[in-house]
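What follows is a short report on a single structure.
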Amino acid sequence: VQLVESGGGLVQAGGSLTLSCVASGRSFSRDAMAWFRRAPGKDREFVAAINCNGALTYYADSVKGRFTISRNNTKNMMYLQMNSLEPEDTAGYYCAADPKLPFTTRSYSTYSAIGQYDYWGQGTQVAVSS
């Protein structure tokens, strides 16, 4: 079981990037999935999450209205469209998956908890210049 992120890079403030996460080893169509990030010198923090069928999404306040999480279960992939990027978005971005979370669960605190997720990717770096 493996998660691999891609799409990071250097972008100017106000620009956009789309991150991708491809899952392999089994189908992730029943997993809740999420993006977290860790800025230099800071703890890993929640960015966005999506339930297994894509009907429910959750966002950290700091990215709401700028970032969009989505998934394609036929391709075993998840995406994070990031618009209006700010220097404060500079971080390593990590995708995560949880096979245990029922798709009917409606709880921001559950989806945003680092400890909820069993599988993690190695991360992709995003740098936003001012």
Side-chain angles (χ1 to χ4, degrees):
V1 175
Q2 190 176 19
L3 301 176
V4 178
E5 305 91 339
S6 62
L10 175 63
V11 64
Q12 288 188 329
S16 298
L17 281 175
T18 299
L19 305 183
S20 299
C21 172
V22 59
S24 60
R26 62 167 176 81
S27 171
F28 278 72
S29 62
R30 294 187 177 186
D31 288 52
M33 299 190 75
W35 289 97
F36 289 79
R37 67 186 181 186
R38 181 162 59 194
K42 295 187 178 181
D43 293 331
R44 192 171 297 194
E45 66 175 5
F46 171 74
V47 175
I50 188 167
N51 77 333
C52 63
N53 64 8
L56 296 174
T57 57
Y58 296 89
Y59 297 93
D61 287 343
S62 58
V63 306
K64 199 173 295 182
R66 299 187 299 122
F67 291 10
T68 302
I69 188 171
S70 62
R71 64 191 296 163
N72 184 328
N73 286 342
T74 61
K75 296 183 177 180
N76 243 17
M77 293 195 70
M78 177 178 65
Y79 308 95
L80 185 68
Q81 174 68 44
M82 304 186 296
N83 298 326
S84 302
L85 282 161
E86 304 168 352
E88 293 74 22
D89 297 316
T90 295
Y93 283 73
Y94 301 84
C95 69
D98 173 24
K100 312 177 304 295
L101 198 57
F103 75 96
T104 53
T105 298
R106 296 175 179 265
S107 169
Y108 177 90
S109 61
T110 300
Y111 278 92
S112 64
I114 290 175
Q116 182 68 44
Y117 296 89
D118 295 336
Y119 302 101
W120 291 85
Q122 292 300 305
T124 185
Q125 293 296 315
V126 172
V128 184
S129 63
S130 57

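- Taken together through direct or relayed side-chain contacts under 4.5 Å among Ile, Leu, Val, Met, Phe, Trp and Tyr, Val11 and Met82 form part of one hydrophobic cluster.
- With contacts defined as side-chain heavy-atom distances shorter than 4.5 Å, the pair Ser6/Thr124 does not qualify.
- Taking 4.5 Å as the limit, some side-chain heavy atom of Asp118 sits within range of a side-chain heavy atom of Pro99.
- Linking ILVMFWY side-chain heavy atoms closer than 4.5 Å, directly or via other members, places Tyr111 and Ile114 in a single hydrophobic cluster.
- Distance check, rounded to the nearest 0.5 Å: CE of Met77 to CG of Asn72 gives 8.0 Å.
- Val126 and Leu10 are assigned to two separate hydrophobic clusters, defined by single-linkage of ILVMFWY side chains at heavy-atom distances under 4.5 Å.
- We find the CZ-CG distance between Arg30 and Asn73 to be 11.0 Å, quoted to the nearest 0.5 Å.
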**OP:** List the steps, then state whether side chain to side chain contact (heavy atoms under 4.5 Å, CB included) holds for Met78 with Leu3.
**Re:** CA-CA 10 Å; Met78 177 178 65; Leu3 301 176; over 6 Å; no
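- With Trp120 as the partner, the ring pair (Phe, Tyr, Trp, His ring centres under 6.0 Å) test is satisfied by one option alone out of Phe36, Tyr94, Tyr93: Phe36.
- In this structure, the separation between NZ on Lys100 and CD on Gln116 is 5.0 Å, given to the nearest 0.5 Å.
- Between the CD atom of Glu5 and the SG atom of Cys21 there is a distance of 5.5 Å, given to the nearest 0.5 Å.
- Between Val1 and Phe28 the shortest side-chain heavy-atom distance falls below 4.5 Å.
- A salt bridge is defined here as a Lys NZ or Arg NE, NH1 or NH2 lying under 4.0 Å from an Asp or Glu carboxylate O, and Arg26 with Asp31 meets this definition.
- When side chains are defined from C-beta on, Tyr58 does not count as touching Lys64, because their heavy atoms never get closer than 4.5 Å.
- We find the CZ-OG distance between Phe67 and Ser84 to be 9.0 Å, quoted to the nearest 0.5 Å.
- Nearest approach of Trp35 to Leu80, heavy atoms of both residues: NE1-CB, 3.5 Å.
- Between Arg71 atom CZ and Cys52 atom SG the span is 6.5 Å, to the nearest 0.5 Å.
- In the displayed structure, Tyr108 atom OH is contacted under 6.0 Å by more than 12 heavy atoms of other residues, nucleotides or ligands.
- When all heavy atoms of Ile69 and Met33 are compared, the closest pair comes out as CD1-O, 4.2 Å.
- Considering all non-hydrogen atoms of both residues, Tyr79 and Ser20 come closest at CD2-OG, 3.5 Å.
- Contact record, Leu85 with Leu17: CD1-N, 3.8 Å, taken as the closest heavy-atom pair.
- No more than 12 heavy atoms of other residues, nucleotides or ligands shown are found within 6.0 angstrom of CD on Gln122.
- Remark: the Gln81 side chain and the Thr18 side chain contain an N/O donor-acceptor pair separated by less than 3.5 Å.
- The closest side-chain heavy-atom distance from Arg37 to Ser62 is below 4.5 Å.
- The closest side-chain heavy-atom distance from Thr68 to Tyr59 is below 4.5 Å.
- Across every non-hydrogen atom of Ala32 and Tyr117, the tightest pair is O-CE2, 4.0 Å.
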